[in-house]
Amino acid sequence: MSRAYNFSAGPAALPEPVLRQVRDELLEWRDERASVMEVSHRGKAFIECAAEAERDLRELMGIPDDYHVLFLQGGATTLSALLALNLARADQTADFVLTGHWGEKALENMKPSLQVNVAASAKAGGYTGLPARDGWQLTPGAAFLHYTPNETIHGVEFHDIPEAGGVPLVADVSSNFLSAPVDVSRFGVLYGGAQKNLGPSGLAIAIVRKDLLGRHGRTLPPIFELGNQAKNDSMFNTPPTFAWYVLGLVLKWVRAEGGAAAMGERNRRKAANLYGAIDGSGGFYRNPVEPAARSWMNVPFFLPDEAREKAFLKEADAAGLLALKGHRAVGGIRASIYNAMPEAGVQALVDFMADFARRNG
Ligand SMILES: *Cc1c(COP(=O)(O)O)cnc(C)c1O
């Protein structure tokens, strides 16, 4: 058996050189004579490792100094709940633009803590496009506008940053973190789980404009107060140290590969290759998303019937193309092609698709 191309939506493929390094230093890390998993988060070695990861993320994303970078336990779901508590008073309104499953979930998660307004939703169209900007019903003076730049299940992505009239944008970038250059200064908050583009699960990252914290007027348990985490360099309690360390290695890999710009170029080519194969299949494969809103990270597609989808998945798995089953909410096939998926992996999928269509068309 050998390592296959893994198209899992998350937890997702990690760069192979990162996994090799983790393996090589798993028992003895740096000069610690112990595993990175076994040392104190307050020791010099781990604090250095943690600070390096933050420095690298700041540099790779161009994060300005007036933003905190928080490394927290949990996932995007934990963070959306915490952000609702930290970014607004209970009587303030947050606007939501819904373009898929995760935006809906964030809304449900935030609803107990503040007032919510659905400013726009693409649900009526089955989440196959973006709601036209001129129809958004924004709340004047809203605490923030929440949206999901890349909807992982529906395969719908914003390829520009929406104008929100001065209201801070809060964006769940779980599935497109560092997938291309982004102007962080246009956002109030960028947040997400690490387990798609950045590292293992268990770690969530929030990039938060400093002035947005401390205005919520609530009495929160200190552990839920993001300002406390910021003051304590995300070590108010024990952080997920192993995941943080692996994330640091992933960032060094991104840098060695050429940084965010190189990731963006490569991801654009990978997506173009795969959508080209779908659109050029004479209707055998079908992606329902409006071309301008198609995701570079998650590509759902369908075959003419479920029987052939089942055969496709089985044969793909045997051919070393893993985890292509679509999310149960949507069905069909989904190829997640995050940063760590090499172009050769997408090419292998495209070749398999052509062969399968020839035999089953
Ligand atoms: C995977 C995913 C989530 C799920 O987050 P958890 O880290 O499991 O809490 C949320 N939002 C988006 C956009 C995702 O892709």
Side-chain angles (χ1 to χ4, degrees), residues 6-14 70-86 94 96-113 121-123 127-128 130 144-159 161-162 169-180 182 187 189-207 224 226 234 239-240 242-244 246-247 250 267 271 289 293-300 323-330 334-341:
N6 177 9
F7 294 89
S8 172
L14 287 163
L70 305 176
F71 297 80
L72 304 171
Q73 292 176 347
T77 314
T78 330
L79 268 182
S80 63
L82 285 177
L83 288 166
L85 292 168
N86 277 270
F96 290 79
V97 173
L98 303 180
T99 53
H101 170 93
W102 292 113
E104 284 187 16
K105 197 161 169 196
L107 184 151
E108 288 309 314
N109 218 19
M110 290 183 156
K111 204 153 84 177
S113 307
S121 171
K123 189 167 192 162
Y127 290 133
T128 54
L130 304 173
F144 58 85
L145 167 66
H146 184 280
Y147 81 114
T148 313
N150 183 66
E151 278 286 354
T152 319
I153 293 173
H154 293 87
V156 172
E157 185 167 3
F158 284 81
H159 291 291
I161 303 171
L169 286 173
V170 174
D172 172 3
V173 290
S174 293
S175 53
N176 66 334
F177 235 129
L178 202 49
S179 62
V182 63
F187 293 86
V189 178
L190 291 163
Y191 76 97
Q195 68 272 20
K196 278 125 192 187
N197 252 329
L198 295 184
S201 61
L203 175 64
I205 295 175
I207 300 166
F224 294 163
L226 292 181
S234 305
F242 183 71
W244 196 335
V246 177
L247 175 130
V250 171
N267 288 328
V289 179
R294 284 174 163 182
S295 168
W296 291 4
M297 296 279 98
N298 310 94
V299 182
L324 284 161
K325 193 171 166 43
H327 189 276
R328 60 187 185 281
V330 172
R334 173 176 50 169
S336 295
I337 50 175
Y338 301 120
N339 287 353
M341 174 58 64

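Because only heavy atoms are used, hydrogens play no part in the values below, and waters and symmetry mates are left out as well, while side chains stay in. Note that ligands are numbered from 1 as they come in the structure, with each ligand's atoms numbered from 1 the same way.
Between Thr78 and ligand 1, no N or O atom pair is found at a separation short of 3.5 Å. Below 3.5 Å of separation, one finds an N or O of Ala76 facing an N or O of ligand 1. Residue Thr148 has no nitrogen or oxygen atom sitting less than 3.5 Å from a nitrogen or oxygen atom of ligand 1, judged on distance alone.
Looking at Lys105, Met297, Gln195 and measuring to atom 8 (O) of ligand 1, the nearest heavy atom belongs to Gln195.
Annotation for ligand 1: atoms under 4.0 Å from non-hydrogen atoms of Thr152 are 12 (C), 13 (C), 14 (C), 15 (O). Listed by atom number, the atoms of ligand 1 under 4.0 Å from Ser175 heavy atoms are 15 (O). When each atom of ligand 1 is checked for a heavy atom of Asp172 under 4.0 Å away, the hits are 10 (C), 11 (N), 12 (C), 13 (C).
Interatomic distance, CH2 of Trp296 versus CG of Asn176, reported as 10.5 Å (0.5 Å rounding).
Of the protein's non-hydrogen atoms, the one nearest atom 1 (C) of ligand 1 is Lys196 NZ, 1.3 Å. Scanning the protein for heavy atoms near atom 9 (O) of ligand 1, the closest one is Thr77 OG1, 2.5 Å.
The aromatic rings of Phe96 and His146 sit tilted, their planes meeting at an angle between 30° and 60°.
For the residue pair Ser179 / Asn197, no side-chain donor-acceptor distance below 3.5 Å is found, with atom types taken as modelled. A donor atom on one side chain and an acceptor atom on the other are not found under 3.5 Å apart for Asn267 and Tyr338.
Between the side chain of Ser8 and the main chain of Gly10, a donor-acceptor pair closer than 3.5 Å is present. Within the 3.5 Å criterion, the main-chain N or O of Trp102 finds a donor-acceptor partner in the side chain of Glu151. A side-chain donor-acceptor contact under 3.5 Å links Asn86 to the backbone of Leu226.
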